[in-house]
Structure formats: structure tokens, C-alpha cells
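Read the structure below first, then the notes.
We name chains A, B, ... by the order of the sequence lines, and we start the count at 1 in each one. Predicted, not measured: the structure shown is a model, and the values here were computed from it.
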Amino acid sequence: MIKALRGMKDTLSPLSQKYNFFIKNTTDIVKKYGYNFIETPLLEETALFKRSVGESSDIVGKEMYQFTDKGGNDVCLRPEGTAGVVRSFVENKLDRQQGQKYKFFYYGAMFRYERPQKGRLRQFHQFGVESFGESLVYEDVSIIQMAKEILDFFGINYHLKINSLGCDKCMPSYKDDLKTKLNSIDGLCEDCKRRRETNPVRVFDCKNENCQNLIHKLPRIKDSLCESCQNDFETLTSMLNDLNIEYEIDSNLVRGLDYYNKTAFEFVSSDLGAQNAVAGGGRYDRLVEFLDGKSTPAIGFAIGIERILDMIELPKTKRVGYYFGAMEDEAIEELYKQASYFRKKEKVTLSYDKKSLKAHLKGADKANSRYCVIIGENELKERKLWIKDLELKEEKLIDFFVQ
RNA sequence: GUGGGUGUAGUUCAGUUGGUUAGAACACCAGUUUGUGGCACUGGGGGUCGCGGGUUCGAAUCCCGUCAUCCACCCCA
């Protein structure tokens with residue numbers, strides 16, 4: 001038997017219904033904030049992700065589905081959504097429209113070659129938004145508020161973590177300083193030794209207790225922000241306070257993708273497993289320029305669809321539509337015609353099998369139909385349909401519809 | 001890539017120190033009512049015991065290998 005590849009799942013009903021339920025309602029919410037749908041290719045040039053996500057990240061370093069296509073191009077399946085949207089933004093010259101604001105939302109499959117576990121698949125789905133051209137911190141507030149609105153809509157239990165990663169003015173000098181300090185410390189784990197060379201801020205993310213003790217006293221980026229970043233962060237927190245959005249400032253919060261700066265945030269939920277981030281994002285003011293566009297501020301976030309679906313309860317569905325069944329072989333063709341007529345307006349479940357009335361009523365229950373319509377010996381003779389309302393338990397006979 | 005757990009019916013799982021024809025519940029189908037659903041009762045169909053090899057008179061059970069899956073590390077949505 002041929003099976004799906006490791007870490008790749010089919011989405012069957014009822015999960016697929018949950019998926020649609022999530023997409024529809026989330027789409028409605030982001031549209032209220034002015035976001036428009038964008039779709040970018042699943043396959044992109046590998047260089048795109050190397051330059052945006054960053055060579056030092058695990059995603060690029062070891063998790064990409066990368067291969068050479070028949071034309072000899074170095075390509076890979078997208079491991080995240082932002083890079084492709086930014087590429088499209090630049091390629092379509094939207095960066096030339098200085099002062100214009102662009103807001104996009106997307107959803108679809110992402111690919112990372114990792115060991116699957118709870119909340120982690122090799123092919124998974126994200127719903128993401130990206131806002132371009134807005135440098136003011138109010139947009140950061142707005143996007144966090146929007147994420148919160150989405151999670152609240154679905155009744156998700158979560159906890160919001162925020163941090164500031166600094167900007168071009170304050171981050172580089174801080175990083176250099178941190179690197180020097182890290183180099184003077186002995187006993188860091190192998191991962192942290194690697195991190196201090198590539199992306200030193202990430203050591204604060206290390207879950208190794210020994211490392212945490214060693215780096216405990218090192219300065220955090222949050223305490224080394226320049227005036228502008230500091231002011232923005234204060235505005236952000238005070239506005240979140242005013243909006244009654246609860247948060248925790250987590251100075252260890254460091255996003256795993258290199259393009260982030262300034263505001264970074266993550267919504268985590270204790271209802272998930274170890275992979276507890278249900279949504280995450282932040283500002284990436286330098287990325288458009290990295291990808292050869294005109295410097296354009298931007299911010300975005302993504303929701304892990306499988307993870308949020310795990311926590312969503314689908315509302316109970318009411319009985320809907322009609323179930324059609326025949327009790328005689330000779331009635332089936334007539335039944336088909338009558339069902340077709342109904343199907344112009346209503347959902348119709350049609351059984352081709354000759355069965356007892358009881359069996360058909362059971363079938364109607366299983367199909368969650370509101371009405372059960374039967375043609376048996378009597379009905380065929382009199383050219384009438386027997387219809388029972390399964391909720392009100394009322395039944396009647398109506399004439400056949402002439403086609 | 002590393003560690004641990006688990007693979008038996010469509011599903012969730014029993015299966016004793018190795019011993020007749022591998023069981024249950026739910027689900028499915030039919031009947032009890034020759035035309036009245038959800039409940040109940042009765043009956044029925046359905047299994048290469050993950051796969052390969054080994055030990056044994058005999059393996060779902062013990063041993064080795066392998067694959068899959070789950071959880072965790074790492075990392076992230």
C-alpha cells in the first residue's frame with residue numbers, strides 16, 4: 001500500500017470542515033482590517049529563503065525541501081510565507097509607490113523537513129498577514145489586536161509574549177557586545193557555541209539550564225534599545241494596556257528568523273504540546289531592502305493552522321436538506337428525477353439502493369438530513385412523494401414534480 | 001540528527017508463565033415490526049496480530065533486524 005510521506009497528512013472531513021470554518025472566519029476578520037488575499041508560489045528559488053530567513057537559521061540550515069529542477073535551478077518548497085510575499089511585493093514594484101500601504105493575507109502549505117511530533121508536521125499550513133509601508137508603532141498594536149481578535153473568535157486559550165529586538169541603530173552594537181561577552185564564557189552547550197557566531201541573541205532562547213545560568217546576567221536587547229525603539233516599545237505596551245490586551249514582556253523571546261527587528265510577539269497556548277506557539281510574528285523593516293527593494297517598513301504574523309484547529313470546536317450542525325430513498329427497484333429512476341429537481345435549491349442525499357423504509361430513515365439520520373423523502377410501491381402508483389420532517393416528526397404526501 | 005513509548009478488526013483496546021478455531025466495546029449490515037428514524041434485543045460480515053528472519057513440537061506472546069507512528073530534545077506556526 002502506498003502511504004503518504006512522513007509528516008504529511010490528508011485533511012478529511014470533519015477536519016476539513018474545521019479548516020474551512022477557520023479560513024472563512026479568519027478571512028472575514030482580516031478583511032475588516034483592510035487585508036487582501038495574495039497567493040504566491042509554493043516553489044521558489046532557494047536564494048530567496050537564504051537571504052530572507054537567513055543562512056544561520058535552522059530552517060535554512062537543515063529543514064528545507066531543496067532540490068535542483070529539470071532546468072538546473074536551485075529551488076525549494078517554501079518553509080514560511082513572508083519571504084514569498086516580500087519577493088512578490090518587490091517584483092511587482094509596489095515598493096516604488098512610496099507612501100502607499102499594502103496589506104496582504106495568505107494561507108496555504110509550508111514545508112520543513114523535521115521530525116514530526118505533536119503540532120509539528122513536514123507539510124503544515126499557515127494563515128499569515130503582511131503589512132507594508134507602515135512604520136508607525138500603531139500598526140504593531142493593530143496587528144497584535146487583530147491576532148487577538150482571531151484567537152478570541154475561536155475561543156482559544158492563549159498567553160501573549162512580546163519583546164523588542166531593536167533596530168539597525170541599536171541591534172548591531174548590542175550584538176557585537178553580546179558576542180564579546182559570550183566568547184569570554186566557558187561551558188556553553190554546542191548549540192550556543194554555534195549561536196554566538198551566527199546569531200548571538202538566540203542564546204537567550206536556549207532551554208539548557210546550564211546555559212541559562214551562565215548567561216543569566218548578560219544584558220538583554222530590551223535594556224539596550226535606542227531612544228526611538230524604546231519610545232515605540234513604551235507606546236506599544238501602553239496602548240496594549242489601554243486596549244485591555246494582556247501580555248508578558250519576555251526578554252528571552254527571539255524569533256527564529258533573521259529578518260525580524262523591533263516588535264516581536266508570540267501567542268502561546270498551554271492547550272498545545274511542547275510546540276506551544278499558535279501564532280507568531282513581528283516587524284521586519286529591513287527585509288524589503290534585503291531583497292533588492294526600496295527600503296519599506298513591514299510587519300506581519302502567521303498562525304499555525306493545524307495547531308489552532310487542534311483547539312477549535314466546530315459548532316454543532318443542524319439537520320439540513322433532504323434524503324431520498326426508494327423501496328422498489330422500479331422507483332429508483334423516478335426518485336432520481338425528483339431528487340434532481342429538489343437539488344436545484346436544497347442539499348439532497350440520494351440513495352440508489354432499494355431498502356426498507358426503516359433502513360432509509362436510518363440513512364437520513366446518518367446524513368443529518370432534515371427531511372426524508374421516499375418512493376415506494378404506493379407512491380409510485382399514485383405519483384406522490386412521501387415526505388417526513390425528521391425533526392418535527394410530521395409526514396405528508398405531495399405530488400410528483402413534473403420536469 | 002538524538003532519546004523514549006507504541007504497532008492485534010473500520011476505530012479504541014484486551015489477549016495470563018509461549019498451548020485448541022485471536023476476543024470485547026463502539027461502528028457497519030440485517031432481523032425483531034412483510035411501510036415509520038435516534039433506544040433496546042438477536043444475529044451477521046470483517047483480522048497477513050506492521051514487515052522480514054530466528055528459537056520452539058507449537059509464537060500475537062521470546063530474540064534479532066527493519067519500517068511506521070506517537071511523544072520529547074532541537075527548532076518553530
Q) Atom CD1 of A:Ile305 to atom C1' of B:C76: distance rounded to whole Å? A) 15 Å
(Q) Counting distance alone, no hydrogens or angles: does the base of B:C74 have a donor or acceptor under 3.5 Å from a partner atom on the side chain of A:Gln117? (A) yes
(Q) Between A:Lys118 and A:Arg307, which residue's closest nucleotide on RNA chain B lies nearer the 5′ terminus? (A) A:Lys118
Q | Whole-Å P distance, B:G50 and B:U12 | A | 14 Å
Q) In whole angstroms, how far is the P atom of B:A30 from the CE atom of A:Met327? A) 13 Å
(Q) Base, sugar-phosphate or nothing for A:Ala364? Non-hydrogen atoms, less than 4.0 Å. (A) nothing
Q. Under 4.0 angstrom, heavy atoms only, what part of the nucleic acid is A:Gly119 near: base, sugar-phosphate, or nothing?
A. base
Q | Nucleotide nearest A:Lys393 (side chain, heavy atoms from C-beta), chosen from B:C29, B:C74, B:G38 | A | B:G38
Q.
Would you say the ring centers of A:Phe401 and A:Phe342 fall short of 6.0 Å from each other?
A. yes
Q: Given side chain to side chain donor-acceptor pair (under 3.5 Å), test A:Gln66 with A:Asp74 step by step and report yes or no.
A: CA-CA 7 Å; A:Gln66 183 182 0; A:Asp74 184 1; 3.0 Å; yes
Q) What does B:A24 pair with, Watson-Crick or G-U, if both distances are under 3.5 Å? A) B:U12
**Q.** Atom-to-atom span, CD1 of A:Ile387 to C1' of B:U36 - whole angstrom
**A.** 15 Å
Q) Of all the nucleotides listed (B:G35, B:C76, B:C71), which has the minimum atom distance to the side chain of A:Trp386? A) B:G35
Q. Say you pick atom P in B:G52 and the same atom in B:U48; how far apart are they, in whole Å?
A. 12 Å
Q | Proximal nucleotide (of B:G37, B:C76, B:C71) relative to the A:Arg115 side chain | A | B:C71
Q | Distance, C1' atom - from B:U16 to B:A30, rounded to whole angstrom | A | 36 Å
Q. If each of A:Leu5 and A:Lys355 is mapped to the nucleotide of RNA chain B with the nearest heavy atom, which maps nearer the 5' terminus, i.e. the 5' end?
A. A:Lys355
Q. Contact class for A:Glu114 (heavy atom, under 4.0 Å): base, sugar-phosphate, or nothing?
A. base
Q: Please measure how far the P atom in B:G31 lies from the corresponding atom in B:G37, and state the result in whole Å.
A: 13 Å
Q. Is there a donor-acceptor contact under 3.5 Å linking the side chains of A:Glu130 and A:Tyr106?
A. yes
Q) Hey, do the aromatic rings of A:Tyr323 and A:Tyr371 have their centres closer than 6.0 Å? A) no
Q) If we call it a pair only when both distances are under 3.5 Å in a Watson-Crick or G-U wobble match, what pairs with B:G65? A) B:C51
Q: Give the rounded distance in Å between these two atoms: CZ of A:Phe49 and P of B:A77.
A: 14 Å
(Q) Looking at the base of B:U69, is there any donor atom on it, or on the side chain of A:Lys3, that sits under 3.5 Å from an acceptor on the other one? (A) no
Q: Kindly say whether the aromatic ring centers of A:Tyr284 and A:Tyr259 come within a distance under 6.0 Å.
A: yes
Q: Write down the distance between CG (A:Leu385) and C1' (B:U36), rounded to a whole number of angstrom.
A: 17 Å
Q | B:C74 base / A:Arg120 side chain donor-acceptor hit below 3.5 Å | A | yes
(Q) Any base atoms under 4.0 Å from A:Glu394, or only sugar-phosphate, or nothing? Heavy atoms, all strands. (A) nothing
Q: Provide, to the nearest angstrom, the distance between the CZ atom belonging to A:Arg6 and the P atom belonging to B:G7.
A: 18 Å
Q: Rounded off to whole Å, could you give me the CD1-to-P distance for the A:Ile2 and B:C67 pair?
A: 19 Å
**Q.** Minimum-distance nucleotide (side-chain atoms of A:Ala277 versus B:C76, B:G38, B:C29)
**A.** B:C76
Q: Give the intermediate values and the outcome of side chain to side chain donor-acceptor pair (under 3.5 Å) for residues A:Tyr107 and A:His125.
A: CA-CA 7 Å; A:Tyr107 54 89; A:His125 297 77; over 6 Å; no
Q) For atom C1', what is the distance between B:U55 and B:G45, given to the nearest Å? A) 37 Å
Q.
When both hydrogen-bonding distances must be under 3.5 Å and the geometry is Watson-Crick or G-U wobble, what is B:A30 paired with, if anything?
A. B:U42
(Q) Under a 4.0 Å threshold between the charged nitrogen and the carboxylate oxygen, would A:Arg319 count as salt-bridged to A:Asp389? (A) no
Q: Classify the side chain of A:Lys388 and the base of B:U36 as holding, or not holding, a donor-acceptor pair under 3.5 Å.
A: yes
Q: Could you check which nucleotide pairs with B:A72 in any of the strands shown, counting Watson-Crick or G-U wobble with both distances under 3.5 Å?
A: B:U2
Q. When you compare B:G1 with B:G58, how far apart are their C1' atoms, in angstrom units rounded to a whole number?
A. 43 Å
Q. With sugar-phosphate meaning primed atoms plus P, OP1 and OP2, does A:Asp58 contact a base, only sugar-phosphate, or nothing at under 4.0 Å between heavy atoms?
A. sugar-phosphate
Q: Determine whether A:Lys384 and A:Asp399 make a side-chain contact, defined as any pair of heavy atoms from C-beta on separated by less than 4.5 Å.
A: yes
Q: Rounded to whole angstrom, note down the C1' distance from B:U20 over to B:A59.
A: 15 Å
Q: Find the distance A:Gln275:CD to B:C73:C1' and express it as a whole number of Å.
A: 10 Å
Q. Can you tell me how far C1' in B:C28 sits from the matching atom in B:U66, rounded to whole Å?
A. 35 Å
Q. With distance as the sole criterion, do the side chain of A:Glu395 and the base of B:G37 form a donor-acceptor contact below 3.5 Å?
A. no
